[in-house]
Amino acid sequence: MSLRSYAENGTGIFVHENVVIGENVQIGHASCIGYGDPDDGKIIIEDNVTIGAFCVIHFGAIIKKGADIDHYCKIGVESKIGQNTKILYGKHVYDQAVIGADCIIGGHVADRTIIEDKVTYMGEIAHSHRDASLDWDGTVEESPVIYKGSVVGVNALIIGGRKIGPCAYIGAGETVRVDVGEGMILIKGSIEPISKYRDIFKTRC
């Protein structure tokens with residue numbers, strides 16, 4: 001479908017001229033593809049991408065083949081969404097975040113976060129914000145890295161630039177204040193080898 005077709009199909013879709021769209025891309029009604037400053041760069045949406053209704057895609061974003069963006073999602077400036085990754089309902093991927101292939105994203109992703117391939121992320125991320133006197137928008141703090149195959153459970157909170165994985169597991173509701181290394185699990189406030197649990201908990205490795 002051409003950019004003009006998206007704009008004139010009666011569903012209230014806005015697609016800016018600075019957008020490159022591949023084949024078989026589906027866009028839900030009232031979505032805005034091209035928000036903010038066009039100088040932030042072209043939006044690139046590859047083949048077989050699905051974008052739900054009421055989504056906002058900022059300039060500079062790249063969405064790879066087969067990605068699925070559910071309704072009411074926001075994809076921030078210069079962020080990257082990997083091939084076949086799913087962004088679940090209402091979640092925000094903030095500026096310059098990078099998400100790999102085959103991920104499931106069910107929590108908001110803070111700016112500059114890196115999430116590698118085959119990660120299931122259902123938690124939340126908070127910057128440390130140690131100096132509250134600084135301007136919120138002008139403060140740049142280290143963001144987390146979640147390495148391949150790791151799982152972050154529902155409502156787990158990652159604080160600051162933590163490193164998780166590869167192949168690590170963060171239990172639901174945990175608070176992550178330290179790094180959780182390869183093949184480790186954080187559960188009930190303790191970090192242990194996931195092998196101790198004999199397949200009760202499984203990562204995506």
Side-chain angles (χ1 to χ4, degrees), residues 22 24-26 44-52 55 57 61-71 73-76 78-126 142-187 191-205:
N24 196 33
V25 171
Q26 304 297 318
I44 299 174
I45 302 173
E46 295 188 352
D47 298 347
N48 302 312
V49 167
T50 299
I51 297 172
C55 291
I57 313 296
I62 298 173
I63 304 174
K64 305 292 280 186
K65 292 180 181 179
D68 188 345
I69 314 295
D70 206 347
H71 308 308
C73 289
K74 169 187 170 180
I75 308 299
E78 297 179 355
S79 57
K80 298 178 182 179
I81 310 298
Q83 186 169 328
N84 297 323
T85 282
K86 296 181 183 297
I87 311 295
L88 303 186
Y89 183 94
K91 301 310 173 188
H92 292 186
V93 177
Y94 288 95
D95 298 350
Q96 298 176 335
V98 177
I99 300 174
D102 299 307
C103 293
I104 300 171
I105 305 299
H108 299 313
V109 179
D111 46 340
R112 302 179 304 281
T113 298
I114 297 173
I115 298 177
E116 292 191 340
D117 298 345
K118 293 186 177 179
V119 167
T120 295
Y121 166 76
M122 308 299 286
E124 296 295 337
I125 294 166
E142 188 179 6
S143 298
V145 178
I146 306 174
Y147 293 105
K148 65 179 182 180
S150 296
V151 175
V152 178
V154 174
N155 291 331
L157 177 61
I158 304 169
I159 300 176
R162 304 281 67 86
K163 307 294 189 291
I164 297 171
C167 308
Y169 194 107
I170 308 299
E174 297 290 339
T175 299
V176 185
R177 294 187 172 91
V178 298
D179 295 348
V180 180
E182 183 172 3
M184 305 300 285
I185 182 172
L186 172 59
I187 189 168
I191 299 175
E192 301 176 299
I194 197 170
S195 58
K196 175 180 177 179
Y197 289 88
R198 299 184 182 181
D199 291 336
I200 295 174
F201 298 98
K202 296 180 180 180
T203 67
R204 295 182 61 189
C205 291

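Closest approach of A156 to I170, counting heavy atoms only: CB-CG2, 3.8 Å. For the pair I51 and I63, the tightest heavy-atom approach, listed with the atom from each and the gap, is CD1-CD1, 4.3 Å. When every heavy atom of T85 is checked against every heavy atom of C103, the shortest pair comes out as OG1-N, 3.0 Å. Contact detail for A110 and I125: the closest heavy-atom pair is CB-CG2, 3.5 Å.
Between I75 and I69 there is a side-chain heavy-atom pair separated by less than 4.5 Å. Counting only heavy atoms from C-beta outward, the side chains of I99 and I105 approach each other to under 4.5 Å. Looking at heavy atoms from C-beta onward, D117 lies out of side-chain contact with V119 at the 4.5 angstrom threshold.
Salt bridge absent: D102 and K118 never bring a charged side-chain N and a carboxylate O closer than 4.0 Å. With salt bridges taken as basic N to acidic carboxylate O contacts below 4.0 Å, none links R112 and E78.
Judged by distance alone, the side chains of Y197 and E192 do bring a donor and an acceptor atom under 3.5 Å apart. Inspection of the T120 and R204 side chains reveals an N or O donor paired with an N or O acceptor under 3.5 Å. With hydrogens and angles left out, the side-chain atoms of N48 and N24 include a donor and acceptor closer than 3.5 Å.
The neighbour count for K163 NZ, taken as heavy atoms of other residues, nucleotides or ligands under 6.0 Å away, is above 12. Annotation for K74: atom NZ counts as buried by contact number, over 12 foreign heavy atoms lying within 6.0 Å.
The main-chain N or O of S195 is never found under 3.5 Å from a side-chain atom of R198 such that the two would form a donor-acceptor pair. Checking side-chain atoms of E46 against main-chain N and O of K64 turns up no donor-acceptor pair under 3.5 Å.
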Step-by-step disulfide bond (SG atoms under 2.5 Å apart) determination, C167 to C205: CA-CA 6 Å; C167 308; C205 291; 1.8 Å; yes
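Using the six-membered ring where Trp is involved, H108 and H92 have ring planes that are tilted, between 30° and 60° apart.
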